Asks: 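Below is the structure I would like to discuss, written out as structure tokens.
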Number of protein chains: 2
Amino acid sequence: MFTYLYPYFQQILNTMKRQITIKDIAIKLGLSTSTVSRALKDHPDISPKTRTAVKELAALLGYRPNRIALNLRSNSTRTIGLIIPEIEHYFFSAIINGIEEIAYKNDYSVMVFQSNETYRREVNNTHAVLTNRVDGVLVSFSKETQDYSHFMKLVENEIPVVFFDRVVDGLPADQVVADDYHGAFMAVNHLIEKGCKRIAHFSAPQHLLIGKNRLSGYYDALLKHNMPIDANLVFPSDTYDESKRIALSVLKLPNRPDGFFAVNDMSAIAIIKAAKELNLRIPEDIKVVGFENSKSAALCEPELTTVDQFGFELGREACLLLLKRLKENNQSNFKPERKVIKMKLIQRKST
Amino acid sequence: MFTYLYPYFQQILNTMKRQITIKDIAIKLGLSTSTVSRALKDHPDISPKTRTAVKELAALLGYRPNRIALNLRSNSTRTIGLIIPEIEHYFFSAIINGIEEIAYKNDYSVMVFQSNETYRREVNNTHAVLTNRVDGVLVSFSKETQDYSHFMKLVENEIPVVFFDRVVDGLPADQVVADDYHGAFMAVNHLIEKGCKRIAHFSAPQHLLIGKNRLSGYYDALLKHNMPIDANLVFPSDTYDESKRIALSVLKLPNRPDGFFAVNDMSAIAIIKAAKELNLRIPEDIKVVGFENSKSAALCEPELTTVDQFGFELGREACLLLLKRLKENNQSNFKPERKVIKMKLIQRKST
DNA sequence: AAAATAACCGCAATCGGTTGAAATTTGTTC
DNA sequence: GAACAAATTTCAACCGATTGCGGTTATTTT
């Protein structure tokens with residue numbers, strides 16, 4: 001069944017050496033560990049002769065410093081913790097990509113913890129990052145989270161926290177957010193300019209800022225064009241199934257909306273699917289705008305007009321901000337910072 | 001701009017205490033650190049009185065053991081490293097989800113490293129997991145990787161490795177793979193039963209087993225039905241853009257294929273898009289089967305028939321296998337294990 | 001009352017590396 | 001060749017916890 005690229009791997013496994021340490025080098029050269037340590041980092045006290053001797057032997061033996069020992073001494077791990085609702089969402093995986101990119105370039109490692117959109121697990125995740133002694137934490141709340149004391153524990157333990165995308169005001173931590181208000185405004189404004197007279201909004205939970213801000217953008221775009229505001233046209237729904245169900249009933253109403261602004265692409269696509277089932281034409285009968293610019297948005301039929309959230313950029317910026325905090329150490333007069341990522345309307349066939 | 005949920009957070013920040021240690025407790029109670037340590041873990045030597053005293057103070061002060069110190073002493077980190085091509089692919093994010101699930105349940109943490117499909121970065125990732133002293137590593141190769149010595153370094157350092165999805169035979173490590181051969185066979189068999197006479201295959205790189213096995217499945221399904229094999233109908237292409245380009249040219253040929261089996265959903269959807277641009281009807285004129293069962297597969301038009309790879313399951317199994325290896329320690333007579341994940345044909349409108 | 005036995009607790013080494021201060025070797029000068 | 005300075009190297013403490021072993025009480029046995 002197996003044909004071995006490394007035929008004698010059993011031999012390899014038998015000769016496995018434990019990781020060699022600075023002590024091994026010291027003994028072999030008849031030096032002290034301190035000398036070896038200093039030699040390896042070009043300390044001026046060490047004579048060139050011993051320095052090269054140490055370095056050569058280290059290279060020969062394949063020495064690599066034990067990061068754990070360094071961690072213990074320096075009380076830092078060069079690791080950042082990431083607490084995120086669900087990895088499988090395109091938006092979040094794009095964010096992770098951006099985070100990992102920056103972390104990699106700065107020689108940090110990323111530990112990933114999923115909350116699965118539950119408060120309980122999110123609390124456990126904060127414990128996990130604490131016991132793992134990460135240097136800093138990046139967080140996007142779960143939908144359930146309405147109490148934030150578990151994050152305060154991180155702050156109290158001197159662990160810098162940067163919240164991204166799903167944030168609330170009032171926590172002593174930095175934020176990186178998309179310009180949800182403006183994105184929503186652009187989306188709805190676009191629908192109006194395309195001739196929509198009655199625009200519905202499928203919204204995110206209102207205890208999250210992203211929910212509030214997108215709703216505000218929706219309202220303000222209507223106001224700008226002197227259009228009536230109808231609270232009955234706002235439906236809290238941000239999943240595919242829920243949105244499809246709602247869309248199917250809403251589209252059967254006599255005065256059905258002719259425009260839809262959905263809080264994410266999955267909801268928008270659900271609306272499109274529902275419309276098609278009811279034999280409504282898109283964009284002739286109804287127009288739809290999504291929010292995210294996921295891969296599916298470009299693939300669905302008709303292609304979805306949407307607002308690009310630049311998840312990759314958002315992840316990058318969040319990580320950069322965290323690294324900046326890790327470099328400074330005057331937490332004494334900390335002022336939280338907020339970084340806003342600009343968004344862009346991607347116009348396609350659904351409007 | 002900010003309104004504070006925790007209005008006096010400046011005060012909180014100023015009173016930040018460094019993580020309290022076992023020593024703090026020992027001093028406060030006039031005990032030695034060893035006694036405190038033993039008390040905390042219910043060692044029989046310690047009297048109930050001091051034990052409860054220690055535990056109460058520990059709880060009061062919010063003591064949590066310093067994992068780094070434990071790591072140093074135990075020479076293990078309860079961390080597993082994950083080296084993966086690209087997080088943004090739905091299949092891989094589903095796998096991470098499965099891995100994290102199992103790791104979480106077993107109190108392990110996951111460090112994620114992306115190779116971005118490059119050999120160079122993958123080598124760097126192996127260095128990163130080494131310096132981070134993870135207990136074990138889960139790997140899916142980059143497309144570029146054809147030399148595997150960097151992984152041998154992990155094995156030599158006594159770090160168990162489990163390869164998943166993208167594997168090669170002959171490495172002294174476990175494997176968890178999808179049943180690519182059978183999945184491909186099912187897909188092509190399905191196309192034939194639906195009446196296709198000339199079936200093209202968009203394939204993965206042939207140095208990866210997934211590429212080879214899916215191609216074999218394709219061939220064997222044709223053979224089973226006594227259909228001719230035409231090497232010109234196999235196109236190495238596993239990205240959206242490349243597949244669209246190829247599909248556009250192939251579909252213009254006089255003897256164009258009437259069935260397509262693509263190595264992943266993105267390629268399959270590209271073929272559908274190309275067909276539509278050329279005003280070909282699906283499934284009447286051509287039929288398409290994908291491989292992955294991503295979210296987009298259910299959303300595209302017509303909905304894509306595809307083979308579900310069960311990424312979540314695959315991630316779970318890979319992680320379980322690694323944890324099993326971590327528990328045993330008789331690497332002396334190590335025999336690599338291979339776990340195969342069954343796949344399932346998901347029949348939809350594209351065939 | 002002396003000795004044996006529990007019951008409790010502390011000392012010190014350890015994990016692998018860093019670093020200030022002390023000690024040793026080497027070189028220079030008179 | 002002694003005295004002193006400079007160059008090199010070692011000592012020992014430290015980071016935070018664990019643990020074998022030895023030590024100190026209190027309790028029981030003879």
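Numbers restart at 1 for each chain; the letters A, B, ... are given by sequence-line order, proteins then strands. Owing to the predicted nature of the structure, the values given are computational and were not obtained by experimental measurement.
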Asks: Using a cut-off of 4.0 Å on non-hydrogen atoms, how would the nucleic acid contact of L31(B) be classed: base, sugar-phosphate, or nothing?
Replies: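 Counting heavy atoms under 4.0 Å across all strands, the contact made by L31(B) is with sugar-phosphate only.
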
Asks: To the nearest Å, how far apart are I22(A) CD1 and dT10(D) P?
Replies: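 Atom CD1 in I22(A) sits about 13 Å away from atom P in dT10(D).
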
Asks: Could you state the CG-P distance from L40(A) to dG17(C), rounded to the nearest angstrom?
Replies: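 From L40(A) CG to dG17(C) P: 9 Å.
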
Asks: Considering only dC9(C), dG16(D), dT18(D), which nucleotide approaches the side chain of N66(B) most closely?
Replies: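 When the side chain of N66(B) is considered, dG16(D) is the closest of dC9(C), dG16(D), dT18(D).
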
Asks: How long is the line joining CG of L70(B) and C1' of dG16(D), in whole Å?
Replies: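 From L70(B) CG to dG16(D) C1': 8 Å.
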
Asks: Between N97(B) and E86(A), is there a side-chain donor-acceptor contact under 3.5 Å, judged purely by atom types and distance?
Replies: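 Short answer, no.
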
Asks: Could you tell me how far apart K23(A) (NZ) and dC15(C) (P) are, to the nearest whole angstrom?
Replies: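 Distance check: K23(A) NZ to dC15(C) P gives 5 Å.
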
Asks: Between A69(B) and P48(B), which has a closest nucleotide on DNA chain C that is more 5'?
Replies: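 Comparing both residues, the 5'-ward one is P48(B).
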
Asks: Quick one: R51(B) CZ to dC8(C) P, roughly how many Å, whole number?
Replies: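 Distance check: R51(B) CZ to dC8(C) P gives 9 Å.
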
Asks: Nearest to the side chain of T50(A), which nucleotide is it out of dT9(D), dT19(D), dT18(D)?
Replies: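 Of the candidates, dT9(D) comes closest.
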
Asks: The side chain of D45(B) lies closest to which of these nucleotides: dG20(C), dG16(C), dC9(C)?
Replies: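 So the nucleotide nearest the side chain must be dC9(C).
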
Asks: Mind telling me whether F163(A) and F141(A) have parallel, tilted or perpendicular rings, with 30° and 60° as the class edges?
Replies: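 Plane angle between 30° and 60°, so tilted.
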
Asks: Sequence neighbours excluded, which residues qualify as side chain to side chain contact (heavy atoms under 4.5 Å, CB included) partners of S74(B)?
Replies: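 Counting only residues at least two positions away or on another chain, S74(B) forms a side chain to side chain contact (heavy atoms under 4.5 Å, CB included) with S76(B).
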
Asks: According to a strict under-4.0 Å criterion, is S32(A) in side-chain N/O contact with OP1 or OP2 of dT10(D)?
Replies: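 Yes, such a contact exists.
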
Asks: Can a donor-acceptor pair be found, under 3.5 Å and without considering hydrogens, that links the side chain of R121(A) to the backbone of Q114(A)?
Replies: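 Yes, R121(A) side chain to Q114(A) backbone: donor-acceptor pair under 3.5 Å.
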
Asks: Nearest-Å distance, NE2 (H43(B)) to P (dA7(C))?
Replies: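 Atom NE2 in H43(B) sits about 14 Å away from atom P in dA7(C).
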
Asks: Categorize T21(A) for me: base, sugar-phosphate, or nothing, with a 4.0 angstrom heavy-atom threshold over every strand shown.
Replies: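 If one applies the 4.0 Å heavy-atom cut-off, T21(A) turns out to touch the sugar-phosphate alone, with no base involved.
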
Asks: For DNA chain D, whose closest nucleotide is more 5', that of I68(B) or that of R38(B)?
Replies: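 On the 5' side of the pair lies I68(B).
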
Asks: If you only use heavy atoms from C-beta on, which nucleotide in dC21(D), dT9(D), dA17(D) is closest to the side chain of S47(A)?
Replies: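 Given the options dC21(D), dT9(D), dA17(D), the side chain of S47(A) is closest to dT9(D).
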
Asks: Rounding to an integer number of Å, can you tell me how far R67(B) CZ sits from dT18(D) P?
Replies: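 Rounding to the nearest Å, CZ of R67(B) and P of dT18(D) are 12 Å apart.
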
Asks: What's the CD1-C1' distance between I20(A) and dC15(C), to the nearest Å?
Replies: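 The distance from CD1 of I20(A) to C1' of dC15(C) comes to 16 Å, rounded to the nearest Å.
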
Asks: Of all the nucleotides listed (dT10(D), dG17(C), dA17(D)), which has the minimum atom distance to the side chain of S34(A)?
Replies: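 Shortest atom-to-atom distance from the side chain points to dT10(D).
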
Asks: Does one side chain, of T118(B) or N116(B), offer a donor that lies under 3.5 Å from an acceptor on the other?
Replies: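 No.
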
Asks: Is L72(A) touching bases, backbone alone, or none of the nucleic acid, heavy atoms closer than 4.0 Å?
Replies: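 The answer is base, as L72(A) lies within the cut-off (heavy atoms under 4.0 Å) of a base atom.
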
